[in-house]
Colleague: 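After the structure tokens below, expect a handful of questions from me.
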Amino acid sequence: MIGEYMQTIEIERKWQEEWKKAKIFEAEPDKRKKFFITVPYPYTSGPLHIGHGRSYTNGDIFARYMRMLGYNVLFPMAFHITGTPILSISMRIANNEKETINLFKEYVSLYENDPKKVKKIVESFKEPWNVANYFAEKMMDDFKSIGYSIDWRRRFTTGDKAYKAFVQWQFRKLKESGYLIKGSYPVLFCINCNNAVGEDDIKGGDVIKPGICEFYLLKFKFDDLYLVAATLRPETIFGVTNLWLNPSATYKIIQIDGEKWVVSEEAAFKLSKQNKELKEIGEIKASELIGKYCIEPMNKNKILILPAEFVDTSQATGVVYSVPSHAPFDYIGLVEIWNGKFVDEFKLNINEIKSIKPISLIKVKEFGDHPAIELCEREGIKQVREKDKLEKVTQELYKLEFYNGILKENCGKFAGKKVFDAKEEVFSYLYSMKLADKMYEVSAIEKPVVCRCGGNVIVSVISDQWFIDYGNEEWKNKARVCLDRMGIVPEIYRKLFEDTIAWLHERPCARRRGLGTPLPFDSNWIIESLSDSTIYMCFYIISKYINEGKIRAEQFEDKVFDYVFLGKGEVEDIEEDTGINREILKAMRKEFEYWYPVDQRHTAVGHISNHLTFYIFNHVAIFPSDKWPKKITLNEMLIREGRKMSKSYGNVLPLAEIPKKYSADLYRLYVSYAADLTSTLDWRENDIKNVAGKIERFYNILAHVKKGKFRKSMLKRWLISRFNRKIKMADECIKSFKIRDYIQHAFFDVLNDINHFERRETDKKEVNRFLYSIADEWIRLMSPVIPHLCEELWHSLGKKSFVSIEKWPSANDKLIDDKIELAEETIMNTHADIVQIIELIKKQPKKINLFIASEWKFKFLNKLIKIFNENKKIDFNFIMEKIKEEDFWKEKKEDVIVLLKKFVKEPGKLPSIINERNIELKAFLEAKNFFENEFKCSVEIIKEEKATIEKARQAMPGKPAIYVE
RNA sequence: GCAGGGGUACUCAAGUGGACGAAGAGGCAGGCCUCAGGAGCCUGUGGCUUAGUGCCUUCCUGGGUUCGAAUCCCAGCCCCUGCACCA
């Protein structure tokens with residue numbers, strides 16, 4: 001053993017190789033009951049990390065467990081390459097971006113030692129397929145090195161020709177059913193690439209979280225022009241006091257829908273990308289407008305046009321209206337002007353400025369009439385420059401007013417309405433009068449939002465976007481039927497599925513670029529990455545035939561899929577049309593019928609709101625109901641040392657390092673034990689070290705068991721009872737997918753019991769011989785979690801088979817004995833009591849006398865417990881009535897009453913189970929040696945009734961009286 | 001805001017009406033073992049008390065139901081996740 005952890009990589013490699021050689025995970029249809037379990041295929045844009053491994057490990061444990069139960073288990077894997085991220089990586093490497101190149105050098109170095117080779121491989125990543133293929137290949141090695149019991153003959157990637165044919169078949173089916181529709185859709189768009197962009201294409205995209213938001217445009221009349229102000233809160237128009245322009249900007253006049261709008265230059269361009277027909281017809285400086293009046297659209301009041309520094313021409317239209325009561329920026333802007341700013345520069349009329357009064361229009365209980373003013377005063381904000389503070393209070397107020405605010409009487413027909421509802425109504429009202437409109441703007445935690453190419457990112461509206469119509473009610477109902485029949489584990493996540501089905505609406509399912517499959521009826525579009533991965537589990541059936549060379553990709557026509565997956569058509573015709581041998585067609589159909597549906601799909605909770613629900617939708621759309629998914633199991637995410645793993649923190653631990661740095665079995669055990677499925681798992685080095693020690697102990701115990709004879713004893717029966725109980729509990733847990741609890745019982749508890757046994761067994765020579773008798777079952781019990789060590793230990797017992805496909809152990813109920821376990825507990829409690837007494841008297845004892853309670857006490861307590869359990873109450877007279885015929889009552893009336901009084905007073909003190917006296921006595925007689933060894937003095941076990949000292953009368957069942965001399 | 005999950009000792013984390021001063025683990029303190037060894041095992045770890053006991057105080061806060069509550073009910077506070085085109 002070298003390094004920090006027990007080195008088992010050689011053992012692990014050996015068994016992975018043996019499993020492969022024996023093909024024990026290659027699943028073919030046979031007479032057994034089948035079990036088809038899948039986990040989502042990984043995306044091949046970089047190495048997998050320990051977070052991915054959590055789900056895969058759980059999936060593998062289920063697969064191995066089911067295999068041991070006697071099922072014919074199919075656990076396949078493939079690779080996902082669809083989408084834009086890989087494309088983006090290639091682009092960045094082609095553009096010689098240092099950061100990306102270094103990152104990928106780091107990634108590749110996980111697998112390659114030679115720096116020259118690393119460099120060469122990274123260079124090859126200029127071609128996206130090389131990225132996909134390289135990582136797919138390496139991931140396969142990673143999976144193997146963790147010991148996943150995958151049937152690799154079925155692997156494929158989503159870029160394979162046959163897979164594309166399959167996805168196209170699926171999309172034609174969806175279209176036939178009317179589930180594909182067309183419409184317009186806003187997307188993030190790079191003005192330089194002239195293309196839609198995703199988070200991966202945007203500089204710092206994962207940090208600034210770019211998105212799309214909708215601005216309301218309100219038109220303020222000025223001569224024959226409209227100053228078009230943008231807002232997120234159209235209802236505040238009732239509180240407008242003035243209009244803001246950026247003092248140094250020059251605005252464009254554009255012709256649009258027969259109107260003339262004044263907007264910023266940037267806005268003019270953006271609007272042109274958002275389905276607006278427009279023509280630039282002139283420009284006008286802000287200074288030409290400032291100080292003049294325009295007419296607000298709602299009440300047609302004349303309001304002043306004023307300058308403000310905070311107006312950003314790159315944001316929406318670059319025109320803003322001012323609501324000082326409810327918008328902190330507006331209030332401070334006014335304050336500055338009242339204090340004289342801009343007054344001389346723009347020759348503003350002091351009286352006019354001073355006459356502007358904030359107008360309150362929203363009521364919230366937290367504030368008075370002018371929340372913005374109150375907030376600015378509270379925070380001590382004095383200047384527009386204090387942007388961060390203003391931003392913060394704006395957010396605070398917006399949230400509060402939006403969700404809790406009520407419009408006041410001055411809001412016309414909207415008075416009394418909640419802001420939440422009024423927002424859209426006010427807009428609709430103005431829109432119907434052609435005084436309002438909408439535009440899209442980019443949102444982000446931090447701006448600007450810039451494409452990796454350097455171009456600005458704006459929002460563009462695409463008019464011929466394809467959607468999958470998940471909003472279709474009839475389809476939704478079918479999905480609900482499927483969900484109702486499905487098992488969701490843990491059950492608490494079912495609601496999330498129901499909600500997701502309810503929320504889901506049209507999903508844009510294709511993009512202009514990216515790797516993947518073109519839409520069959522419009523090849524300018526590539527099917528997007530979540531939409532091409534909804535029913536691929538059935539592709540595992542036929543991918544095997546492709547990999548075996550029995551079919552060529554070109555032979556896949558729709559009729560092949562129709563036949564294999566839906567049973568439509570005649571093999572003879574298909575054979576003739578495609579050249580695929582009819583026997584192979586029949587075999588595929590038969591195999592599909594055998595394996596489908598998917599019995600269990602296991603993945604992370606995060607997939608519920610998209611992938612897993614799409615999975616349900618698409619299955620019910622394509623397949624008959626007997627092929628619908630049966631069960632979904634889920635686990636939460638993984639963090640490391642209390643922090644989310646991310647590139648920016650630099651704390652990502654790749655799966656590839658696990659076998660070297662830790663060990664596959666250590667990883668598997670830790671990751672499935674450290675948290676239960678519904679909790680976030682915190683990967684903590686410290687805890688791992690501890691688990692590593694336990695594995696080592698497990699291994700050492702089992703590596704040293706020896707066949708041989710041993711004497712029978714209560715203690716050994718105790719361990720057998722505990723062990724069988726633990727098998728039983730472990731089995732119940734894993735059956736209901738409580739992996740953590742299963743491991744607690746099967747591993748940690750058994751380990752503790754063995755430790756206890758070793759300590760208690762005075763004849764140390766017998767320990768290893770006795771433990772031999774449970775070794776076989778314990779190894780089998782742990783094999784799904786730590787298969788490599790179990791396989792090694794299994795063979796060290798002289799077994800020739802693979803424990804991985806051995807029978808799952810079953811508990812022998814007859815060996816589970818509450819009374820023997822209770823007796824052992826009594827012994828250890830007594831031990832603890834003696835320790836305490838010795839500490840108190842601070843003397844080395846000469847002799848310890850243990851008095852076992854009299855028979856009548858056992859009988860009385862047992863009766864009392866029985867009465868209590870039947871009636872759930874302890875009442876003095878009630879009990880007396882019940883026990884008056886008993887012998888102990890007749891013999892020991894006085895003593896019984898004393899005891900009974902005690903329990904009537906405090907029913908909580910009543911134990912729930914009591915032993916038989918002879919068992920307790922026997923256990924103590926047997927433990928005599930143990931006590932003598934522990935306390936280094938003589939120990940005598942005496943029956944209470946034979947005792948000569950008063951102390952003995954304290955003896956109770958489960959609690960012998962102790963007298964230390 | 002909506003939806004979901006959650007707040008348990010120094011830390012992580014089980015427990016969802018009685019055997020609970022609360023599994024398991026880490027940390028800390030003390031002890032044992034001396035090659036199955038840079039491990040392992042045992043004991044202790046709210047307070048005051050005591051021959052193994054007893055009492056008080058504890059499971060976010062405040063009320064309530066019950067013979068009995070970490071667990072059930074009501075009100076409140078706080079935290080996390082998702083709300084989509086990102087795989």
Side-chain angles (χ1 to χ4, degrees), chain A residues 1-4 6 40 42-43 45 80 82-86 185 187-188 196 198-200 205-206 209 211-212 399-400 402-404 420 492-493 495-496 498-500 502-505 507-509 511 528-531 533 605-611 636-637 642 673-676 678-680 682 684 686-687 689-694 696-697 699-701 703-704 740-741 744 748-749 752 755-756 758-759 768 822 825 829-841 865 868-869 872-875 904-913 934 951 954 958-964:
Chain A
M1 260 162 244
I2 7 141
E4 200 162 0
M6 182 163 85
Y43 192 68
S45 60
H80 197 199
T82 310
T84 52
I86 290 180
Y185 193 70
V187 293
L188 290 176
E199 196 178 285
D200 296 284
D206 51 335
K209 300 278 172 213
I212 294 170
K399 244 187 165 171
L400 202 64
F402 180 65
Y403 293 114
N404 306 322
F420 187 88
I492 51 165
Y493 295 114
K495 179 91 169 65
L496 208 51
E498 287 167 0
D499 292 346
T500 305
W503 291 337
L504 234 40
H505 52 264
R507 177 187 175 84
C509 63
R511 303 238 192 104
E528 158 282 332
S529 62
L530 282 177
S531 301
S533 305
V605 174
H607 289 135
I608 295 175
S609 59
N610 43 50
H611 165 72
E636 275 289 350
M637 57 188 303
Y673 164 74
D676 66 23
T678 59
S679 324
T680 304
D682 191 1
R684 298 195 305 180
N686 232 2
D687 290 357
K689 229 176 260 172
N690 183 256
V691 171
K694 303 283 178 193
E696 217 169 313
R697 172 109 178 105
Y699 186 79
N700 285 333
I701 289 170
H704 286 81
R740 179 182 202 268
D741 297 340
Q744 177 73 43
F748 291 94
D749 287 355
N752 282 345
N755 288 341
H756 178 73
E758 280 202 18
R759 174 174 176 226
N768 286 336
L822 182 64
E825 216 179 297
N829 288 341
T830 306
H831 179 270
D833 287 347
I834 298 171
V835 168
Q836 213 173 103
I837 292 169
I838 291 173
E839 247 170 53
L840 283 168
I841 60 175
I865 289 165
F868 179 68
N869 286 341
K872 281 286 157 208
K873 65 171 180 180
I874 294 191
D875 175 85
V904 168
K905 203 171 154 199
E906 286 181 287
K909 292 267 153 74
L910 187 67
S912 59
I913 162 173
E934 286 283 311
K951 185 92 195 162
Q954 281 184 7
K959 197 166 183 60
I962 303 164
Y963 179 67
V964 178

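Hydrogens, waters and symmetry mates play no part in the numbers below; they use all other heavy atoms, side chains included.
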Colleague: Could you tell me the separation between the NZ atom of A:Lys495 and the P atom of B:G4, rounded to a whole number of Å?
Modeller: 4 Å
Colleague: When we call it a touch if two heavy atoms are under 4.0 Å apart, what does A:Asp499 touch: a base, just sugar-phosphate, or nothing?
Modeller: sugar-phosphate
Colleague: Indicate yes or no: does A:Lys689 engage A:Glu696 in a salt bridge with an N to O separation below 4.0 Å.
Modeller: no
Colleague: Using atom types as modelled and distance alone, determine if a side-chain donor or acceptor of A:Tyr43 lies under 3.5 Å from a backbone N or O of A:Thr82.
Modeller: yes
Colleague: With a cut-off of less than 4.0 Å, is there a side-chain N or O of A:Ser609 near OP1 or OP2 of B:C83?
Modeller: no
Colleague: A:Ile962 has an atom CD1; how far is it from atom C1' of B:A51, in whole Å?
Modeller: 9 Å
Colleague: At under 4.0 Å between heavy atoms, what does A:Tyr493 touch on the DNA or RNA strands: base, sugar-phosphate, or nothing?
Modeller: nothing
Colleague: Could you state the interatomic distance from CD1 (A:Ile608) to NZ (A:Lys495), rounded to the nearest 0.5 Å?
Modeller: 12.5 Å
Colleague: Nearest whole angstrom, please: distance from the C1' of B:C42 to the CZ of A:Arg697.
Modeller: 12 Å
Colleague: Which one, B:A14, B:A39, B:C86, comes nearest to the side chain of A:Arg511?
Modeller: B:C86
Colleague: Let me spell it out: for each of A:Gln954 and A:Pro508, pick the nucleotide of RNA chain B with the closest heavy atom. Which residue's pick is nearer the 5' end?
Modeller: A:Gln954
Colleague: Describe the nucleic acid contact of A:His611 in one word from base, sugar-phosphate, nothing, applying a heavy-atom distance below 4.0 Å.
Modeller: nothing
Colleague: Can you measure A:Glu758 atom CD to B:A36 atom P for me and round it to whole angstrom units?
Modeller: 12 Å
Colleague: Choosing from B:A14, B:A51, B:A36, which nucleotide comes nearest the side chain of A:Ile837?
Modeller: B:A51
Colleague: Taking protein heavy atoms under 4.0 Å as touching, what does nucleotides 20-26 of chain B look like 5' to 3' if B marks base contact, S marks sugar-phosphate-only contact and - marks none?
Modeller: ---BSSS
Colleague: Kindly say if A:Ser679 contacts the phosphate of B:A13, meaning a side-chain N or O under 4.0 Å from OP1 or OP2.
Modeller: no
Colleague: Within the pair A:Lys959 and B:U53, is there a side-chain N or O less than 4.0 Å away from OP1 or OP2?
Modeller: yes
Colleague: What is the distance from CD of A:Glu696 to C1' of B:G40, rounded to the nearest Å?
Modeller: 9 Å
Colleague: NE2 of A:His607 versus C1' of B:G82: gap in Å, rounded?
Modeller: 13 Å
Colleague: To the nearest 0.5 Å, what is the distance between CG on A:Asn690 and CZ on A:Arg684?
Modeller: 11.0 Å
Colleague: For a quick check of understanding: with a heavy-atom distance under 4.0 Å over all strands, which category does A:Val605 fall into, base, sugar-phosphate or nothing?
Modeller: nothing
Colleague: Using heavy-atom distances to pick each residue's nearest nucleotide on RNA chain B, tell me which of A:Arg759 and A:Pro42 is more 5'.
Modeller: A:Arg759
Colleague: Can you tell me how far apart OH (A:Tyr673) and CG (A:Asp687) are? Round to the nearest 0.5 Å.
Modeller: 9.0 Å
Colleague: In Å and rounded to the nearest 0.5 Å, what is the CD to CG distance from A:Glu636 to A:Asp676?
Modeller: 10.0 Å
Colleague: Could you check how far CG of A:Asn755 sits from C1' of B:G40, rounded to whole Å?
Modeller: 8 Å
Colleague: How long is the span from the OG1 atom in A:Thr830 to the CD1 atom in A:Ile962, to the nearest 0.5 Å?
Modeller: 5.5 Å
Colleague: Exactly one of A:His80, A:Glu528, A:His611 should register a side chain to side chain donor-acceptor pair (under 3.5 Å) with A:Ser533. Which one does?
Modeller: A:His80
Colleague: Given the structure, check if the side chain of A:Arg507 and the base of B:C85 hold any donor-acceptor pair shorter than 3.5 Å.
Modeller: yes
Colleague: Using atom P of each nucleotide, how far apart are B:C42 and B:A23 to the nearest Å?
Modeller: 15 Å
Colleague: Applying a 3.5 Å limit to both distances, which nucleotide forms a Watson-Crick or G-U wobble pair with B:G1?
Modeller: B:C83
Colleague: Rounded at 0.5 Å granularity, tell me how far CZ in A:Arg759 sits from CD in A:Glu934.
Modeller: 4.5 Å
Colleague: Look at all strands and tell whether A:Ile701 reaches a base, only sugar-phosphate, or nothing, counting heavy atoms closer than 4.0 Å.
Modeller: base
Colleague: Need one value for A:Ala961: base, sugar-phosphate or nothing, where a base atom within 4.0 Å counts as base even if backbone is also close, heavy atoms only.
Modeller: base
Colleague: Using whole Å, what does the distance between atom C1' of nucleotide B:G44 and atom CD1 of A:Ile834 come to?
Modeller: 18 Å
Colleague: Mind checking if A:Thr500 touches a base, just sugar-phosphate, or nothing, with heavy atoms under 4.0 Å?
Modeller: nothing
